[in-house]
Structures are given as structure tokens and as C-alpha cells.
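What follows is a set of notes on a single structure, which appears directly below.
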Amino acid sequence: MGFQDAVLTGLAPDGGLLVPATIPDVTPMLASWQGLSFVELAREIVLLFVDDIPREDLERLITDAYANFSHPEIAPLTKVGNVTVMELFHGPTLAFKDVALQLLGQIFEYILAHENKHLNILAATSGDTGSAAIAGVRGLPQIDIFVMYPRGRVSHLQELQMTTEVAANVHCLSVEGSFDDCQNLMKTIFEDLAFKEKYALGAANSVNWARVLAQIVYYGYASLKLGGERPVSFCVPTGNFGNVFAGFTAKRMGFPIERLILATNENDILAKFFESGVYERGEVRYTVTPAMDIQVASNFERFLYYHMDCDPVALGEFMADFARSGRAELAAPLHTDDFLATAVSVDDTLSTIRTVYETSGYVADPHTAIGLAAAERFALEGPLVCLATAHPAKFPDAVNKAVGEDVARHPTLDSLCDRESRTTNVPADIEAIKDVIRRLGH
Ligand SMILES: *Cc1c(COP(=O)(O)O)cnc(C)c1O
């Protein structure tokens, strides 16, 4: 399958996730890539994985994707205490998902225009994907987008970021259920291949390989900037495992990366897996980090594939066990030099926001604070980069409560409250979602 088909199809026809046929080795290029800007490096990296879009076109798509970022460096690095924070939230919706979804929107538009096709994108969001996906495709004539979110489980501002969008190709669905329900609905609808084909369904979630690809860039960028003497470790607030999987891929490509610290909130199924090799679903807990209130991480399957030496049969058995009983276990004890993992409680999240603010004046959003708290638990040598995944103003309740004053504001968000909003209420039911797509899709 070529890159363009992989982007359009989202999930493989058997319901599995796509991975590149080979992972390129960048070690011969590292010296010449030193000193490239974010956009320049993005052009080099993305091109390695794309076999069917001409270089000039791809370069233009990448340049356009990052033109909407408010910071000239796209992903600036800033020192906070003795760690380096990489701010990934300078895109239009103030979360790191813009880094990938601004590019994905450009790529979708390019492919559809060339093939003269229409796409109905179905997305499930725990809060930030929805608005970022909408911002990537709003107003595009060849796309309709349907965004499912768990009613009452995304923050008020996150909901407004989606539902105040006026473009006619944007359809928000407020689902009576959890994020895992939304993600499940999406998976099930994608498994109905006849429906998927008839309505030309596409995916904007991080199951879409292009999302992961775009996220490899900032791992490469930071590791080239800081990894001159010793490889760089990254601390990653993790929900669906998309972000940290991009880091894992960057490491396999040969960028100077040492460890990936996987930081979860109280939904600690992944942290437990890395401690024990047992992957076991529990009840979703609702925390101050809604983007990580996830039990079943959709991208985890990609990591397992490599961990099982690319054995699709073993992976299929593991995933089938898990689907059947909510529990699966590795045949051999987990051994990895790539990951460290830990779970951070709500109390620790809030106290980290407070301490970081008091000691360095830096205002961290709760997701970023989970990473900062996790980083402290491991005495790693060498440079350490904590990924800041959202602007604090997206989560003002938690941040202001932790700090005790009103420090979390952003003008883009202040203006949302006066705008009109629209959404469609639906039950967590496959037929109900399909009906909306039948009615409003093209
Ligand atoms: C989506 C999101 C995460 C989790 O990222 P994954 O790629 O799903 O692991 C963390 N923080 C914020 C703010 C997010 O929006």
C-alpha cells in the first residue's frame, strides 16, 4: 500500500493498524541535519516515508501546515528547573495535536483534489483531537468531518472549541458514553467495510499513520539540538500511545534518543504493562487530565508489533485475548531499554503545577505536569525533554485551582464563550452514529 492509500484508509482492512514496510535509518544524515529548522527537518523526515507525492508538493504542504503556528520555532524549547520543556501547543487549537493534524488536513486536501474524491472523516476525541482535526479540515470542500466526544467528559472550553465552528462541513456528536465507548464505536464502524466504502470513511485519530509520522519530527528536532554529547530522553504524557510511539519510531530510526518515560494518569493500564507484562483493562477514571482518561490505547498495538519481532500472528492472538477477556499477557517477561513508565495521581498532578509555578514561574497544563512529575521519579543522566502537550489556558479550572490565582488565560479561548454553538446528541449506539453519517455525509 502506498502512502496516499494509507492516509485515506486509516485502518487496515482487517481492522489492524498500519506500520511502514521499513523504518529508514537516518544515522548517515544526522550530521547534515544539525541546525535545520523545524520545517526544514520535517521536509526531510516526512519525505523518507512518502513514495507517491512529488518532493516539491510535499514541501509546500509542510510549509503551509506550519504557517498557522504562532511561534516562529513551531516547537520551542524552554528551560524549567533542570529539565527542558518542549512546547508543542503553539498551533491554532493550543494542543500538540495541531502538529500532526494541520499537516494531515493539508495532505487529505491534496490527495482528494488529485483524485477528485470526497471523504467523510470520523473521529473520536477525548477533547483535543476533535478541535485540532476540525481546525485541520474546516471549510475544505471535499471533506466532511464527524467528531464524537463523550458528553460531559471534555472540558467546557474544549467543547466550545469544537461546537462553535461555523463551517458547514463540521459535525459534532455529543455521545452518551465514555471516550473508550467513542473509540469503540469508531473501530466497529470501520470494521463494517461495506459501510466504510460506501461513505468513503477516513480517520483523523492517531490510528492514522500520517499522524504518527508528523510527530516523529519533534523528537528528531529536539534530539539533534540537545543530543550532541549524550542521547536525549523524553518524558511523554500518554493516553493513546500515539505521541510516545512516534518517539519510539524516532529512536528506531537512529536519532540520538535514550529513554522514553511514559507517564500516565490514574488510568494506568500502560504503566502497569511496562511493570509486569500484563495488559489489563479497568474502569475509566475521570481526572484533571481528560485527554489521558483512556484505558485502551489505540496505538499500543503498533508498539507490540515491533516488540513481538513483527510477528503478526502472535500480535493477533494477544489482541484477540484482550478483546475477549480484557486481559492479555506476554509469553516472556517484558524487557525493554526503550521505556520507563509510571502513573501520576490527581493530587501529584496538581501539586506539581503548584510547585513548578512557585519555583520557576512556569505555568504547566495538567497533562504537561504529569510528565514533569514523572520525570522527577527517575534519576536519568543526560538531557531530558518533557513534552508540553497543551496550553494551560485549555484547562483553567485545574490550573487556577492548583496555583491559587488566575494564571491560565489565552485570548483565543476567551472569545469562545460569546459564540453560538451547535452539536447533535446521540446515544453510544452504532446505528445512531451511522444514521447521522447517512444524513449529513456526502
Ligand atoms: C492527546 C493528548 C495527550 C495524549 O497523547 P497520546 O498521543 O494519545 O498518547 C496528552 N496530552 C494532551 C494535552 C493531549 O491532547
Query raised in the report: So which pairs with a foot in residues 298-308 pass side-chain hydrogen bond (donor to acceptor under 3.5 Å, both in side chains), sequence neighbours left out?
Result: Ser206-Asn299, Asn240-Ser298, Asn299-Arg302

Query raised in the report: Around Glu280, counting heavy atoms of other residues, nucleotides and ligands shown, do more than 12 lie under 6.0 Å from its CD?
Result: yes

Query raised in the report: What do you reckon, is NE2 of His442 surrounded by more than 12 foreign heavy atoms closer than 6.0 Å?
Result: no

Query raised in the report: So, for Leu104 and Ala210, which heavy atoms are closest and what is the spacing to 0.1 Å?
Result: CD1-CB, 3.6 Å

Query raised in the report: What closest approach, in Å, do Ala297 and Phe241 show between heavy atoms, and which atom pair accounts for it?
Result: CB-CB, 4.0 Å

Would [X] and [Y] count as having a side-chain donor-acceptor pair, cut-off 3.5 Å?
X      : Y      : value
Thr9   : Lys196 : yes
Glu329 : Tyr279 : no
Gln102 : Asn68  : yes
Asp144 : Asn169 : no
Ser174 : Arg151 : yes

Measure the [atom1]-[atom2] distance between [X] and [Y] for me, rounded to the nearest 0.5 Å.
X      : Y      : atom1 : atom2 : result
Asp52  : Met1   : CG    : CE    : 11.5 Å
Arg438 : Leu440 : CZ    : CG    : 12.5 Å
His156 : Asp397 : NE2   : CG    : 10.0 Å

Requested in this report: Only pairs at least two apart or in different chains count here, so list each ring pair (Phe, Tyr, Trp, His ring centres under 6.0 Å) that has a residue in residues 172-210.
Outcome: Phe49-Trp209, Phe195-Tyr199

Give a yes or no on whether the ring-centroid distance for [X] and [Y] is below 6.0 angstrom.
X      : Y      : answer
Phe245 : Phe303 : no
Phe96  : Phe89  : no
Phe38  : Phe69  : no
Tyr221 : Tyr218 : no

Requested in this report: Tell me, with the steps shown, if Asp64 and Tyr110 meet side-chain hydrogen bond (donor to acceptor under 3.5 Å, both in side chains).
Outcome: CA-CA 12 Å; Asp64 290 351; Tyr110 175 87; over 6 Å; no

Requested in this report: Would you check if Cys310 and Val19 make a side-chain contact, meaning some heavy-atom pair closer than 4.5 Å?
Outcome: no

Query raised in the report: Mind checking whether Leu77 and Val85 have side chains closer than 4.5 Å, heavy atoms only?
Result: no

Is it true that [X] and [Y] make a salt bridge, defined as a side-chain N closer than 4.0 Å to a carboxylate O?
X      : Y      : value
Lys434 : Asp192 : yes
Lys187 : Asp180 : no
Arg285 : Asp293 : no

Report task. Under the side-chain contact (heavy atoms from CB on, under 4.5 Å) rule, collect the residues that match up with Ala402, sequence neighbours excluded. Result -> Leu350, Ile353

Query - Residues which pass side-chain contact (heavy atoms from CB on, under 4.5 Å) with Ser360, listed by chain and number, not counting sequence neighbours - result: Val80, Val356, Tyr362

Requested in this report: Can you spot which of Asp98, Asp128, Asp365 makes a salt bridge (Lys or Arg N to Asp or Glu O under 4.0 Å) with Lys394?
Outcome: Asp128

Report task. Return the set of residues passing side-chain hydrogen bond (donor to acceptor under 3.5 Å, both in side chains) with Ser178 (not counting sequence neighbours), or none when no residue passes. Result -> Asp181

**Report entry** Residue list, salt bridge (charged side-chain N to carboxylate O under 4.0 Å, His left out) with Arg259, at least two apart or on another chain
**Finding:** none

Query raised in the report: Is the NZ or CZ atom of Arg153 positioned over Tyr286's six-membered ring, under 6.0 angstrom from the centre and within 45° of the axis?
Result: yes

Requested in this report: Go through the steps for Leu160 and Cys417 under the test side chain to side chain contact (heavy atoms under 4.5 Å, CB included), then give the verdict.
Outcome: CA-CA 7 Å; Leu160 287 177; Cys417 296; 4.1 Å; yes

Query raised in the report: Out of Thr264, Thr336, Leu340, which residue meets the side chain to side chain contact (heavy atoms under 4.5 Å, CB included) rule with Phe274?
Result: Thr336

